[in-house]
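Heavy atoms only: backbone and side chains are in, while hydrogens, waters and symmetry mates are out.
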Amino acid sequence: MNDVRDVIIIGGGPAGYTAALYTARANLSPLVIEGFNWGGQLMITSDVENYPGYADGVIGPTMMADFRRQAERFGAEFITDDVTRVDFSERPFRVFIGDTEHRADSVIVATGATARQLGLPSEQTLQGRGVSYCATCDGAFFRDKVVAVVGGGDSAMEEATFLTRFASKVVIIHRRDEFRASPIMVDRARENEKIEFVLNAVVDEVLGERNGHVTGLRLRDTETGETRDIEADGLFVAVGHDPNTALFLDWLDHDDQGYLVTDPRSTRTNIAGVFAAGDVQDHTYRQAVTAAGSGTMAALDAQRWLEEQRHQPEVAVATA
Ligand code: NDP
């Protein structure tokens, strides 16, 4: 068992590291349990051109290392391991890595979300080399190129429509002939002259491993089983995201998709002293800069909350 900390931050992405920076600079000596695979979704991104301050762009993993180093400079401590269990039933809160227990008066949950992948080895190899999970982030790299979008939900329709600003052609590939997306989003995509649909098809392989970047896709018809290759310079996978919240679902209020629910204009969860920041509580904006902003909010919320507790005679667990 370790000493009781002011704050433990769970998660090592833009939200977690920014919360670490702010809490470290507020002398709260944060412990960041950053996860074995720290860095979050930025680790599967190559060039980041939309993070303010990096005027010449930056590679995703480099940016995350910069975030981490900046928090470390002010005294944040890191454990590069995965939290296996939490106990928020009383304060101090308890956070476990296997049998090792860490305790803190406040916790910031910043475990992010994971973009669902197709699960193809070629998809893995070409991540950041034409395979992307975020049109807002990477669309501008495909000016006058042909790109494909996989998925039949609102994200796929929205991303395809957005990508027509840059691409010469956008092919939506969907495994069924009915859409999960709302009709208005499908209609908007159908009316766009740059968008083509390939229905009842799945991607069997992303082509281009030899070239080091995406050159095409091998598609399989889900009804006939026939395969054919199409040319494409990029593949945007838009088959949904999963919030990394399994550890918290028994403790924290969440929506039906598992995203944590926070009070409006705040990062407070239903348990006083536990805050949530970044994509773990935001499925709308999903940007590094919004996650970082939300990490700042969580740090300030935790700081104020700890300050309030120090002025209270007796500390008791309260739910907000
Ligand atoms: P969804 O879960 O709604 O859709 C995922 C899509 O991907 C489905 O069409 C699904 O196919 C397909 N899919 C899943 N796995 C695979 C796979 N392995 N291979 C091929 N296809 C696959 O996710 P979204 O991200 O689109 O949306 C999430 C939520 O966000 C929704 O509630 C949506 O309404 C909302 N949203 C709203 C927007 C807006 O209003 N502007 C914009 C974006 C999202 P199938 O249908 O066959 O299961």
Side-chain angles (χ1 to χ4, degrees), residues 1-35 38 40 64 67-112 244-245 247-248 251-253 260 262-263 265-278 280-281 291-320:
M1 199 187 293
N2 294 287
D3 293 340
V4 178
R5 298 266 182 165
D6 284 325
V7 58
I8 289 177
I9 297 163
I10 307 176
Y17 289 148
T18 307
L21 170 65
Y22 271 75
T23 49
R25 295 191 77 252
N27 282 335
L28 295 175
S29 307
L31 173 66
V32 186
I33 306 180
E34 59 186 351
W38 60 271
M64 281 302 88
F67 269 53
R68 190 180 188 279
R69 201 157 42 84
Q70 192 173 358
E72 193 170 28
R73 183 178 147 210
F74 295 100
E77 287 175 50
F78 302 89
I79 296 178
T80 309
D81 212 336
D82 293 333
V83 170
T84 51
R85 184 164 72 88
V86 296
D87 184 341
F88 293 159
S89 60
E90 58 182 356
R91 286 203 299 270
F93 302 118
R94 298 190 295 160
V95 177
F96 296 86
I97 301 171
D99 294 334
T100 310
E101 179 184 316
H102 298 271
R103 295 178 300 156
D105 286 326
S106 70
V107 172
I108 296 173
V109 177
T111 45
N244 302 319
T245 50
L247 292 172
F248 311 106
W251 302 102
L252 302 178
D253 286 351
L260 302 184
T262 50
D263 290 350
R265 293 168 54 80
S266 132
T267 60
R268 284 190 303 268
T269 68
N270 55 302
I271 296 184
V274 178
F275 305 88
V280 78
Q281 50 86 56
S294 163
T296 305
M297 290 167 63
L300 297 175
D301 286 345
Q303 186 186 332
R304 284 183 193 135
W305 184 82
L306 287 164
E307 196 61 37
E308 281 165 24
Q309 300 314 300
R310 286 191 185 112
H311 291 103
Q312 285 186 8
E314 201 166 303
V315 180
V317 170
T319 48

So Leu31 and Ile79, side-chain contact (heavy atoms from CB on, under 4.5 Å) or not? Walk me through it.
CA-CA 8 Å; Leu31 173 66; Ile79 296 178; 3.8 Å; yes
Correct closest heavy-atom pair for Thr84 and Gly98 would be OG1-N, 2.8 Å
field: Thr18 (side chain) donor-acceptor with Ala15 (main chain) under 3.5 angstrom
entry: no
With side-chain contact (heavy atoms from CB on, under 4.5 Å) as the criterion, how do Gln309 and Arg91 come out once you've worked through the C-alpha distance, each side chain's angles and the decisive distance to 0.1 Å? CA-CA 11 Å; Gln309 300 314 300; Arg91 286 203 299 270; 3.3 Å; yes
In this structure, CG of Leu21 is separated from CD of Glu72 (nearest 0.5 Å) by 12.0 Å
* **Short N-O contact, Arg103 and Glu90, less than 4.0 angstrom** => no
Here the gap from Ile108 atom CD1 to Ile9 atom CD1, rounded to the nearest 0.5 Å, amounts to 4.5 Å
Measure from NZ or CZ of Arg268 to the centre of the six-membered ring of Phe275, then state whether that distance is under 6.0 Å and the direction lies within 45° of the axis. no
_With a 4.0 Å cut-off on N to O distance, would you call Asp105 and Arg310 a salt bridge?_
no
Under 3.5 Å, is there a donor-acceptor pair between the side chain of Trp38 and the main chain of Gly11? no
Original post:
Looking only at atom types and distance, does a side-chain atom of Asn244 sit under 3.5 Å from a main-chain N or O of Thr111, one as donor and one as acceptor?
Top reply: yes
Main-chain N/O of Ala292 paired to Thr296 side chain as donor or acceptor, under 3.5 Å:
yes
Would a distance-only check, ignoring hydrogens and angles, find a side-chain to backbone donor-acceptor pair under 3.5 Å from Asp87 to Arg94? no
- [ ] May I have the step-by-step check of side-chain contact (heavy atoms from CB on, under 4.5 Å) for Arg25 and Arg73, ending in yes or no?
- [x] CA-CA 9 Å; Arg25 295 191 77 252; Arg73 183 178 147 210; over 6 Å; no
Closest non-hydrogen contact found for Leu252 with Asn270 is CA-OD1, 3.3 Å
All heavy atoms of Ala276 vs all of Gln281, minimum pair found to be O-CG, 3.6 Å
On a heavy-atom basis, the closest approach of Arg85 and Leu247 is N-CD2, 3.9 Å
Side chains of Gln70 and Phe67 in contact at under 4.5 Å (non-hydrogen atoms): no
Here the gap from Leu28 atom CG to Thr23 atom OG1, rounded to the nearest 0.5 Å, amounts to 6.0 Å
For Val280 and Gly112, the nearest pair of non-hydrogen atoms, with its separation, is CB-N, 3.7 Å
Can you check side-chain contact (heavy atoms from CB on, under 4.5 Å) on Thr100 and Asp81, steps first, answer last? CA-CA 11 Å; Thr100 310; Asp81 212 336; over 6 Å; no
The single option from Val107, Val95, Val109 that satisfies side-chain contact (heavy atoms from CB on, under 4.5 Å) with Val83 is Val95
Smallest heavy-atom separation, Ala104 atom then Ile8 atom, equals CB-CG1, 3.5 Å
query = Can you tell me if OH on Tyr22 sees more than 12 non-hydrogen neighbours from other groups inside 6.0 Å?
reply = no
Self-check item: Sidechain-backbone polar pair: Asp301 side chain, Thr267 backbone, donor-acceptor under 3.5 Å
Solution: yes
> Is the side chain of Thr269 donor-acceptor paired with the backbone N or O of Val274 at a distance under 3.5 Å, no angle test?
Replying inline: yes
| task | Decide whether Tyr17 and Glu34 meet the rule of one side-chain donor and one side-chain acceptor closer than 3.5 Å. | result | yes
Would you mind reporting whether Ile33 and Ile97 have side-chain heavy atoms less than 4.5 Å apart? yes
Practice prompt. Kindly say whether Gly278 contributes a backbone atom to a donor-acceptor pair with the side chain of Ser294 at under 3.5 angstrom?
Written response: yes
OG (Ser106) and CD1 (Ile271) are apart, to the nearest 0.5 Å, by 13.0 Å
